[in-house]
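Quick note on labels: first sequence line is chain A, next is B, and so on, each numbered from 1.
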Number of protein chains: 2
Amino acid sequence: MERKIHDCMDGCPVESTLQIISGKWKCVILYRLIKHKVCRFSELQRYMPGCSRRMLALQLNELEADNIISKKVYPVIPPKTEYSLTELGETLIPLITEMNKWGEMYNQIHR
Amino acid sequence: MERKIHDCMDGCPVESTLQIISGKWKCVILYRLIKHKVCRFSELQRYMPGCSRRMLALQLNELEADNIISKKVYPVIPPKTEYSLTELGETLIPLITEMNKWGEMYNQIHR
DNA sequence: CGGTATCCGGTAAGATACTG
DNA sequence: CAGTATCTTACCGGATACCG
């Protein structure tokens, strides 16, 4: 398995995590998948009006490639897809939850 | 107080957190400041060989502007500065710790 | 509906030089 | 030592069009 990030003399595990969840919308996608369990593409779009369709697709592809989420495609017309967390993706729940908690606290202060 | 991110119809607190800690090196900087309490500029540089001096300065400035870290400048020659977490910055410890834990777990798997 | 392909402009970030 | 200033480039990401 190839290391994605540079091996520095004292690299910290935080960098591995960043490698997976950095990217403007990934954490928000994960938050939604945690909250709703299963989401369709258009559903995610509605939750993230600031994220273009193209960007959403890119981020979803990357998360899928990293085995964080999985995609189920229904062979119907019009097309229907459903995204959900993989087993590995579910291990991120405490982290995303912590991010959400901190954001809530921060929003309380900055009001 | 101005909202930095777009107000979307159902924005999640995760986005507020991202607003503060996103940026390639911020989490690594925070990890170091958690671990070592106080760091000089050159010390941080040594811990992050992949981060240029310019980038390090930019990220530190942003974290300082957001009141996450504070800088102490000693008026000596040659100059000496020390960075450390603010009180607000310390509230990020659980989050960064969780990021580190997940990274450790992930590294175990991908070996 | 759920994407991909192509084009293109703005900005993030490296390289280098300079400073107190 | 601890930065800032300037220049230049790469690429991120938006807009648009197209497709099964």
- Query: Which parts of nucleotides 6-20 of chain D does protein reach within less than 4.0 Å, heavy atoms only, written one letter per nucleotide 5' to 3' as B for base, S for sugar-phosphate only and - for none?
  - Reply: B------BBB-B--B
- Message: Looking at B:T91 and B:L88, would you say the former's side chain and the latter's main chain have a donor-acceptor pair under 3.5 Å?
- Response: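 Judged by distance alone, yes, a pair lies under 3.5 Å.
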Go through the structure and list residues passing side-chain hydrogen bond (donor to acceptor under 3.5 Å, both in side chains) with [X], not counting sequence neighbours.
X     : result
B:E64 : none
A:E62 : A:K26
A:E90 : none
A:S42 : none

- Task: May I ask you to check whether A:Y74 and A:E82 show a side-chain donor-acceptor distance below 3.5 Å?
- Result: yes
- Query: Could you give the distance from CD1 (B:I21) to CD1 (B:I68), rounded to the nearest 0.5 Å?
  - Reply: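 If I round to the nearest 0.5 Å, the distance is 9.5 Å.
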- Rounded to the nearest 0.5 Å, the CD atom of A:E15 sits from the CH2 atom of B:W25 at a distance of 5.5 Å
- Item | Touch class at under 4.0 angstrom, heavy-atom based, for B:Y83 against every strand present | sugar-phosphate
- Message: In whole Å, I'd like the distance from the CG atom of B:L56 to the C1' atom of D:dT4.
- Response: 14 Å
- When you list every nucleotide of DNA chain C with an atom under 4.0 Å from a heavy atom of chain A, which one comes first 5' to 3', and which comes last? C:dC1 to C:dT6
- Query: Does B:K71 make a side-chain N or O approach to OP1 or OP2 of D:dA2 shorter than 4.0 Å?
  - Reply: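 For D:dA2, OP1/OP2 do not have a side-chain N/O of B:K71 under 4.0 Å.
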